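Single-structure report; data block below.
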Amino acid sequence: MSTGAVLYAGAIGLFLIGCYAMVAERHLIRNILGLVLVESGVNLLLVAVGFRENAAAPILKAGQSAGMMVDPLPQALVLTAIVIGFGVLALALALVVRVHQAYGTLDTREVARLMRVEREASGPGAAGPRAGAKS
Amino acid sequence: MKGYGHTAATLLFLTGLGILLIAILQALPFGLAPMQVGQAIVAAAPGDTGADNIVTAILLGYRGLDTLGEVTILFVAAAAAGMVLGGASRGGAQAENAGFILHSAAYLLFPFLLVLGAYIVLHGHLTPGGGFQGGAILAAAFFVPVLASPASPFNHRTAMLVEGFAGAAFIMIGLVSLVGSDAFLTPFFGKGEAGALFSAGSLPLLYLAIGLKVGSELAGLMARVSGAEAGA
C-alpha cells in the first residue's frame, strides 16, 4: 500500500470507528470518545490532502526561499479545528460530570429511563426539570 | 432480538458511509495538493508578514480575525463548562494526595515546563509551535501540581485576570493597526530580519497574548473539572 492509501484508510477508519462509538455505544464517555475519534479522522484527512510529494514542511529555514512546500492552509485550519475540538470536549465532559451527579449513572438508556420516571412523577403542569438537582 | 437489529443497522450504515468516502477519495489523488491558494500563500507569505512559519503567517497574518473568533469559541466553551460545573462540588471529599514520586516530579517539572512553553510561544513565528501549543504546555505546568496534590488551591482569580488581560491585549493590538488606516489586525512594526526573534512585526505579540490566554484558560478549565470530579 502506498503512503496515501494508508493515510486515507486511517482517516476513514478513525471516522467510522468514531461514528460507531457515537451511535451504538450506550456509555456517555464512549460516545464522547467517538466524537474525538471522528475529529481526529477529519483532521488527519485534511492534513493528508495538503501533502505534496518530496515537499518540505511549511517553515522557511535561514537562506532558503519558498520552494516546494506542503500546503500550509489545511494545517492552519486543522490547528483551529483541534482547539475548537478541545473546547467541545471540555464542555461535553462538564455536562457528563453533571449528568453523573444528577443520576448516578452514565448509561444513556438508564439516564433516559430515570428522566422519564422523573417527568411522570412530577406530572403535567408541575415544575419542569428539577433545577440544580442534588449535588 | 431488537439489540442485534440495531447493531446490524448501524454496521450497514457505516459500511455504506465507508464505501462512499472511499469513492470520494478516489477522486482526490494523494501527494498532489490540488488546492492552488496554498502555493500562492507560500510564495507571498514571507514578503507579506516576514514570518518564517507559514502556518503562523496564515493564522495571525491572513486570518487574524478568524483566530480571534477561535479564541472566543474557546473562551465561550470554558465559560460554559465553568457555568455547568459551577461551584457544585465545593466542600466535597478531596482526592488523596498523589504519591511521593508524582508529587516531587510535578514540582521538579514545573520550571522546565514553564521555560519550554514560553519558548514555544515566543518562537511561534520561527519554528513549529505557537501560542496554542505553547499555551497548552503552560497550562500543563500549572495543572500537573494540582493533579499531584488536589488539596493545593488553584488560583482561579489570577487565571481569570491573566485570561482577560491577554484577550484584551489581542484586541488592542488589532485596534492599533486601525490607527495607520490599515485593516483590523494588520501586522505592524515592519517585517524585521527573517529568522530573528524580533521579526514578523506584531505577530509574536499576538501569539504571546494567545499563549497566555490559552494557558490560563486550559489550566482553569482542567482544575475546575478535576475539582468537580473530586467532589462528585
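Throughout, protein chains are lettered first and strands after them, A, B, ... in sequence-line order, and every chain is numbered starting at 1. For clarity, every value in this text was computed on a predicted model and none was experimentally measured.
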#### Entry: Option in A:L91, A:L73, A:I84, A:V83 with maximal non-hydrogen atom pairs under 4.5 Å from chain B
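Among the listed options, the one with the most contacts to chain B is A:V83.
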
Shortest non-hydrogen contact from [X] to [Y]?
{"X": "A:A90", "Y": "B:A81", "result": "O-CB, 4.3 Å"}
{"X": "B:E70", "Y": "A:T80", "result": "OE2-CA, 3.2 Å"}
{"X": "A:L79", "Y": "B:Q133", "result": "CD1-NE2, 3.8 Å"}
{"X": "B:I54", "Y": "A:P72", "result": "CG2-CG, 3.8 Å"}

### Query
CG/A:L93 to CE/B:M222 distance, rounded to the nearest 0.5 angstrom?
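The CE atom of B:M222 is 12.0 Å from CG of A:L93, to the nearest 0.5 Å.
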
### Query
CG/B:L25 to CG/A:L45 distance, rounded to the nearest 0.5 angstrom?
5.5 Å

### Task
Using a cut-off of under 4.5 Å on heavy-atom pairs, state which of B:L74, B:L11, B:T67 scores highest against chain A.
B:L74

Can you tell me which portion of [X] sits under 4.5 Å from chain A's heavy atoms? Options are side chain, backbone, both or neither.
{"X": "B:I22", "result": "both"}
{"X": "B:I73", "result": "side chain"}
{"X": "B:V71", "result": "neither"}
{"X": "B:A80", "result": "both"}

Looking at side-chain heavy atoms only, is the closest gap between [X] and [Y] below 4.5 Å?
{"X": "A:I82", "Y": "B:F132", "result": "no"}
{"X": "A:D71", "Y": "B:I41", "result": "no"}
{"X": "A:F86", "Y": "B:V214", "result": "no"}

### Message
Quick check: under 4.5 Å, non-hydrogen atoms only, which of residues 12-25 of chain A neighbour chain B?
### Response
A:I12, A:F15, A:L16, A:C19, A:Y20, A:V23, A:A24

### Query
If you count the non-hydrogen atoms of other residues, nucleotides and ligands that lie under 6.0 Å from CZ in A:R30, is the total more than 12?
no

#### Entry: Test side chain to side chain contact (heavy atoms under 4.5 Å, CB included) applied to A:Q75 and B:I58, step by step
CA-CA 10 Å; A:Q75 301 196 358; B:I58 295 175; over 6 Å; no

#### Entry: Contact class of A:L7 relative to chain B, heavy atoms under 4.5 angstrom
side chain

